[in-house]
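Remember, predicted model here, so these are calculated numbers, not experimental data.
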Amino acid sequence: MTTWDPQQYQRFQKERAQPFFDLVNRLPDGEVTTVADLGCGPGTLTTTLTERWPHATVWGVDNSPQMLAKTRALPAQPRLHFVEADIAGWFPPRRLDRIISNAALHWVPEHRAVLQHLVGLLTPRGVLAVQVPNNHAEAAHRILRESTQQEPWRSLLAGSGERFTIQTPRWYTHTLHSLGCTVQVWETIYYHLLSGENAVLEWMKGTALRPTLERLGQRLGQDGQTAFLDMYGQKLAQAYPAGPNGTLFPFRRLFFVAQRG
Ligand SMILES: C[S@@+](CC[C@H](N)C(=O)[O-])C[C@H]1O[C@@H](n2cnc3c(N)ncnc32)[C@H](O)[C@@H]1O
């Protein structure tokens, strides 16, 4: 399980929040009394669900103690609960009218089994709404893969590289149909204009680099992490030169909204 650094993750809070709102805006209204946000992270976005559905009970679920610690600083609300659990194994006290998962499901393997589990938690006509990053063709990820394939990193990092699960839009469409849902699937490319020095490195440090940095920390301590970040950071600075208004970082994301029949 990856160790998260909520402060680093939240450095680009506005950019990371936009897909959540774009996803939630596509959800149908109707009678909603139970909602879950799976892989809720620091919980800031989860709280907005209590505004969208003021009469609903909302659960935020995450398996990272570091992320959940952040939720304790949020104003307490009687209908908002945070739970430490795995997305693939959590059972809510009641069936759910809406399940939302923003930028989390790609950390969970076996998507057919997970989707079957999640659809099974929905009430009739309940909706599952998911966003996952689908940016692996982008230079930042390609350079990361290439760098971790070169020595000495290859041997040090064996088995710890990018381990995300993302299927194709076609796969999600067919799989969710086969689970008895109607489905909308779409992709959006966000062109984030990031501020700060070597901004793409800072972005990657908050998410995709976590497993790599964790393994290097275990093997070599902070010096190993610093050496890797220097090498990778130089390559990123070349691939993403800063312009007068910031650094442009294209980011492709895959969305689906599935309604149980
Ligand atoms: C990139 S963050 C997204 C956080 C939040 N949804 C947001 O949009 O800001 C991914 C979150 O998924 C959580 N996560 C990853 N795998 C998980 C799993 N198997 N079960 C529960 N949470 C998981 C991580 O701990 C992390 O908080």
Side chain to side chain, [X] and [Y], heavy atoms closer than 4.5 Å:
X    : Y    : result
N63  : I87  : no
V257 : L23  : yes
L115 : L128 : yes
C181 : V119 : yes
L105 : H111 : yes
L254 : P169 : yes
T173 : F256 : no
R252 : P133 : no

Discussion item. Please identify which of these residues, Q131, R98, R52, meets the side chain to side chain contact (heavy atoms under 4.5 Å, CB included) condition with V24.
Written reply: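 Answer after filtering Q131, R98, R52: R52.
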[X] to [Y] - nearest heavy-atom pair and separation:
X    : Y    : value
N135 : P250 : ND2-O, 3.3 Å
G217 : Q225 : CA-NE2, 3.5 Å
V114 : P109 : CG2-O, 3.4 Å
S195 : F12  : O-CE2, 4.0 Å
L248 : Y240 : O-CD2, 3.6 Å
A237 : N198 : N-OD1, 3.8 Å

Should we say atom [atom1] of [X] is surrounded by more than 12 heavy atoms from elsewhere, each under 6.0 Å from it?
X    : atom1 : answer
E197 : CD    : no
Q222 : CD    : no
Q77  : CD    : yes
Q149 : CD    : yes

Are any side-chain N or O atoms of [X] and backbone N or O atoms of [Y], one a donor and one an acceptor, separated by less than 3.5 Å?
X    : Y    : value
R210 : K205 : yes
S101 : L38  : yes
R219 : L156 : yes
R215 : A158 : yes
D62  : L68  : no
T34  : R95  : yes
R26  : Q184 : no
R260 : G126 : no

Would you please say whether a donor-acceptor pair under 3.5 Å links the side chains of [X] and [Y]?
X    : Y    : value
Y190 : D22  : yes
T33  : D97  : yes
Q116 : T175 : no
D230 : Q234 : no
Q8   : E202 : yes
E187 : N134 : yes
Y232 : E146 : no

Worksheet item: Taking atom CE of M204 and atom CD of E138, what is their separation to the nearest 0.5 Å?
Response: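 CD of E138 is found 9.0 Å from CE of M204.
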Worksheet item: Out of curiosity, T188 OG1 to Q18 CD, how far, rounded to the nearest 0.5 Å?
Response: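 If I round to the nearest 0.5 Å, the distance is 10.0 Å.
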Quick one: do [X] and [Y] end up in the same hydrophobic cluster if we chain Ile, Leu, Val, Met, Phe, Trp and Tyr together by side-chain heavy atoms under 4.5 Å apart?
X    : Y    : value
L49  : F255 : yes
L216 : L201 : yes
I99  : V127 : no
F82  : W59  : no
I100 : V61  : no

Between [X] and [Y], what is the ring plane arrangement, given parallel below 30°, perpendicular above 60°, and tilted in between?
X    : Y    : value
W107 : W4   : perpendicular
H192 : F251 : tilted
H141 : F164 : perpendicular

Discussion item. Does R112 qualify as a cation-pi partner of W171, given the criterion of NZ or CZ under 6.0 Å from the six-membered ring centre and within 45 degrees of its axis?
Written reply: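 R112 over W171 ring: no.
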Worksheet entry | Aromatic W203 / basic R16 pairing, under 6.0 angstrom, 45° off normal |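 The answer is yes; both the distance and angle limits are met.
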Fill in: Within the 6.0 Å centroid threshold, strictly below: H177 and Y172
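For H177 and Y172, the ring centres are not under 6.0 Å apart.
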Item to complete: For T226 and L229, run side-chain contact (heavy atoms from CB on, under 4.5 Å): C-alpha distance rounded to whole Å, both residues' side-chain angles, the deciding distance at 0.1 Å, then the answer.
Response: CA-CA 5 Å; T226 306; L229 288 174; 5.8 Å; no
Fill in: Within residues 25-58 or reaching into it, pairs that qualify as ring pair (Phe, Tyr, Trp, His ring centres under 6.0 Å) - sequence neighbours excluded
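Those involving residues 25-58 do not exist here.
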